[in-house]
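Only one structure is covered here, and it is reproduced in the block below.
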Amino acid sequence: MSSARINGERLQRRIAALAEVGAIDGGGCARLALSDADRAGRDLVCGWMRELGLAVTVDAIGNVVGLRAGRVDGPAVMTGSHIDTVRTGGRFDGNYGVLAGLEVVAALNEGGLSTEHPLAVAFFTNEEGARFAPDMLGSLVYTGGLALDAALATTGIDGASVGAELARIGYAGPAPVPAAAPRAFVELHVEQGPVLDREGLDIGVVESVQGISWTEIEIRGTSNHAGTTPMALRRDAGWAAGSIINFVRELAQELGGDQVATVGRIEFFPNLVNVVPNRAVLTVDLRNTDEERLRIAEARLAAHLDALRDAEKVEISTRKLARFAPVRFDPAMCDRIETHARALGLATRRMPSGAGHDAQMLAAVCPTAMIFVPSVDGISHNVREYTHARHIEAGAQVLLAVLTELAGGTQPAGEHP
Ligand code: HGY
Ligand code: MN
Ligand code: MN
């Protein structure tokens, strides 16, 4: 009985080839969503999908799905992730899950095997949210969590709209959204944190994704001369911004547990050495595995902004960029991943995901779970992101086993009952 075998080298070649698209120094890549580099990456992956015999569809928000027919019609067992990256992206974040899905298809093709139910490999638009917020935008629209016109109207940090950029790169596709729900969804992803690497494990069985709260804060004060303006007379937007940066760090330390807080983007105006800033724009990213504690963190931040308005007499406005409650994955799917990983002799543990993923959106419409492989030193969103070849291959082998079982098993393609 022919069997399907993952070819780790072939998978690594595809990871390397995709990493060349938007390549930056240090071995990483910059393919911000809907940029020219994203278009080039999309074109490359769609070409591979067609070479593998997949029927490729593009939907109205630019999500791409490659479909491999099963012996019966109906909803597909889907895997996938994203191929857009942050500006300092590694080569594995998102890309690995999509290309491992293609490797599963290649292994089945090579083995001359068919599955009962169709298989699909997808990449979703703008998972990162670095250019356009919220993150997981494409999968959110795919699963009906956000209306298409609201998504298309979203403006990015550079003032461009999703709709205009999608059309510009030629990926405003005909397939309708929201899509019909897949039969199941499994996402393979690098952990992006230090847990599996530190514990010397091979596979993470991801049971949940933590809650995410992104807020953009605009502070307006008075620009003034740095040398002549007495401290008591200042309305210093820069100082207020600094106070927020300090506050969120102390808040995360005080709340402890899983609470994390990040000010990742900040701009001063006029941003000159001898002018008290009259305007500051910054983002706060708060996350927690517990929804109640995330709400407490948000309330504490709001109270700090009120105190700043009084203390510095600045105006402060906020804009919610993303807000997702924690998501739990399907327990039976988690069991399935754990069983197959252990049957392959791999060391596993169950864990939450610190990062957001498209799977958290698919979980709303079908049985969903995730497989993690270790990130060396837990580094990610950094060109030094790295996962050992043995783990790249092992993750794909677990994915192959889980997907084919979910798809009703394999048979030699020629045979039909
Ligand atoms: O922000 C995140 O967790 C993901 O990388 N979009
Ligand atoms: Mn990712
Ligand atoms: Mn990411």
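In listed order, ligands and their atoms are each counted from 1. Please read all numbers here as calculations on a predicted model, not as lab measurements.
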Atoms in ligand 1 with a heavy atom of [X] nearer than 4.0 Å:
X    : result
A355 : 3 (O)
H381 : 5 (O)
W214 : 1 (O)

Is there a donor-acceptor contact under 3.5 Å linking the side chains of [X] and [Y]?
X    : Y    : value
N288 : Q210 : no
S35  : R131 : no
T262 : D285 : no
Y171 : D43  : yes

Heavy atom of the protein closest to [atom] (residue, atom name, distance):
atom                   : answer
atom 1 (O) of ligand 1 : R287 NH2, 2.8 Å
atom 4 (C) of ligand 1 : E127 OE2, 3.5 Å
atom 5 (O) of ligand 1 : E128 OE1, 2.8 Å

*Only one of D93, N95, T125 forms a side chain to side chain donor-acceptor pair (under 3.5 Å) with H82, so which one is it?*
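Of D93, N95, T125, side chain to side chain donor-acceptor pair (under 3.5 Å) with H82 is met by D93 alone.
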*asked:* With a 4.0 Å cut-off on heavy atoms, is F324 in contact with ligand 1?
replied: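 No, that is not the case, since the closest heavy atom of the residue is not under 4.0 Å from the ligand.
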_Trace of the ring-ring contact (aromatic ring centres under 6.0 Å, His included) decision for H304 with F247_ = CA-CA 8 Å; H304 184 74; F247 172 78; 4.2 Å; yes
*To the nearest 10 degrees, how large is the angle at the Mn ion (ligand 2) between H189 NE2 and H82 NE2?*
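NE2 of H189 and NE2 of H82 make an angle of 110° at the Mn ion (ligand 2), to the nearest 10°.
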*When the aromatic ring centroids of F124 and H357 are compared, is their separation below 6.0 Å?*
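No, they do not, as the ring centres are separated by 6.0 Å or more.
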_For the Mn ion (ligand 3), the closest N/O/S atom belonging to E128_ =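 In E128, the heteroatom (N, O or S) nearest the Mn ion (ligand 3) is OE2.
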*the Mn ion (ligand 3) is nearest to which N, O or S atom of D93?*
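Result: OD2.
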*Value rounded to 0.5 Å, distance of OG in S223 from CG in N271*: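 Going from OG on S223 over to CG on N271, the span is 13.0 Å.
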*Taking distance alone, with no angle check, do G356 and ligand 1 share an N/O pair under 3.5 Å?*
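Yes; the residue has a nitrogen or oxygen that sits under 3.5 Å from a nitrogen or oxygen of the ligand.
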